[in-house]
Amino acid sequence: MPSFGILTAPQQVDYGDVLRVWQEADAIDAIEHAWLFDHLLPIAGPLEGPILEGWTLLSALAAATERLRLGIMVTSNRFRPPAVLAKIATTVDIVSGGRLDFGIGAGSRPSVPIARREYEANGLPYDTFGSSVDALAEACVVLKRLWADSTPFDFDGAHVRLTGAIGNPLPVQRPHPPIVIGGRSTPTLRVVAEHADIWNAPGGDIADLVARSSRLDQLCHDIGRDPAAIVRSVALPVSYDNPIPTKSAVAEVISAGFEHIVLILPAPFPDRAARWVADEIIC
């Protein structure tokens with residue numbers, strides 16, 4: 001059976017807006033998971049508008065909910081060193097009582113100006129896309145090792161170098177929170193094949209989604225992993241004025257083998273937004 005979740009981008013809204021939607025969703029069984037995104041400047045609406053930091057907000061929402069699985073779809077590996085990110089994610093898993101789905105990706109491509117500006121505004125490095133995918137692969141190795149046990153270790157990679165790294169406390173979920181990797185390129189899909197429990201891609205061209213899912217199957221076979229071990233996830237936009245296109249898209253992606261559906265709620269969030277999603281799109 002497919003699972004359904006919501007994504008509430010914390011831009012052009014305040015904390016109370018997001019909290020209201022998440023607490024309502026937490027009481028609706030049809031909504032199984034909830035997500036934020038990971039940006040430091042708005043990617044829609046006024047650039048000078050408000051935006052909340054994703055992981056900090058996620059920890060607050062973890063403490064304010066009881067049932068929903070929760071995560072960032074997906075965090076940029078460019079923003080935080082992986083050992084620091086491992087500690088942040090462990091904290092959220094503990095606060096939530098073991099409900100974290102850990103989303104990560106390589107970060108936006110250098111050719112996307114609307115995304116690149118947030119790196120420059122915050123003094124963050126912005127390497128080539130190929131370099132960022134290689135860094136993502138190393139980050140996954142480091143994250144899983146820090147979550148595995150509390151024995152200190154060194155790591156000397158091309159992108160990540162650690163001395164005496166240690167993860168204590170460990171996450172509630174063993175061996176680690178489920179890893180969700182977002183992306184569509186073949187290099188990213190190679191990282192998905194090796195490390196992910198869930199693969200997420202944006203909706204749109206169904207034929208392209210099917211082709212990339214088949215490519216992921218082959219990459220799994222190449223390394224001796226069962227492709228069925230990776231849940232296929234897709235994010236779909238929602239219009240409050242007309243739910244029919246989203247309902248049609250949901251039917252299409254489920255038929256194509258995508259069983260983890262994330263519905264992107266645009267801001268501002270109307271009253272009873274989560275109930276509307278459950279009644280008009282999920283049920």
Within-4.5 Å side-chain heavy-atom neighbours: [X] and [Y]:
X: Trp35; Y: Thr8; value: no
X: Cys220; Y: Arg190; value: no
X: Phe102; Y: Leu143; value: yes
X: Glu66; Y: Asp26; value: yes
X: Ile31; Y: Phe4; value: no
X: Phe258; Y: Ser213; value: yes

Q) Which word best sums up how the rings of Phe79 and Tyr119 line up, parallel for under 30°, tilted for 30 to 60°, or perpendicular for over 60°? A)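 Plane angle between 30° and 60°, so tilted.
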For the residue pair [Y] / [X], report whether a side-chain donor-acceptor contact shorter than 3.5 Å exists.
X: Thr151; Y: Asp149; value: yes
X: Thr65; Y: Arg99; value: yes
X: Asn122; Y: Glu118; value: no

Which pairs would a plain distance check flag for residues 192-203, meaning a side-chain donor or acceptor within less than 3.5 Å of a matching protein atom at least two apart in sequence or in another chain?
unit_1 : atom_1 : unit_2 : atom_2 : d
His195 : ND1    : Lys144 : NZ     : 3.1
Asp197 : OD2    : Ile179 : N      : 2.8
Trp199 : NE1    : Gly183 : O      : 2.7
Asn200 : ND2    : Ser233 : OG     : 2.8

(Q) To check you understand the geometry: which heavy-atom pair defines the closest contact between Asp38 and Val74, and what is its length? (A) CB-O, 3.6 Å
Q) Has Arg145 got its NZ or CZ under 6.0 Å from the middle of the six-membered ring of Phe155, at an angle within 45 degrees of the ring axis? A)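 No, Arg145 does not sit over the ring of Phe155.
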Let me have the donor-acceptor pairs involving side chains of residues 266-274, under 3.5 Å, with sequence neighbours excluded, atom names and distances please.
none

Validation: residues 50-60 side-chain donor-acceptor distances under 3.5 Å, sequence neighbours left out:
unit_1 : atom_1 : unit_2 : atom_2 : d
Glu53  : OE1    : Trp55  : N      : 3.2
Glu53  : OE1    : Thr56  : N      : 2.6
Glu53  : OE1    : Thr56  : OG1    : 2.4
Glu53  : OE2    : Trp55  : N      : 3.2
Glu53  : OE2    : Arg80  : NH2    : 2.7
Trp55  : NE1    : Thr75  : OG1    : 3.0

Q. Does Asp217 pair with Arg232 as a salt bridge, N-O distance under 4.0 Å?
A.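 Salt bridge flag = yes for Arg232 with Asp217.
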Q) From Leu100 CG over to Arg69 CZ, what is the distance, rounded to the nearest 0.5 angstrom? A) 7.5 Å
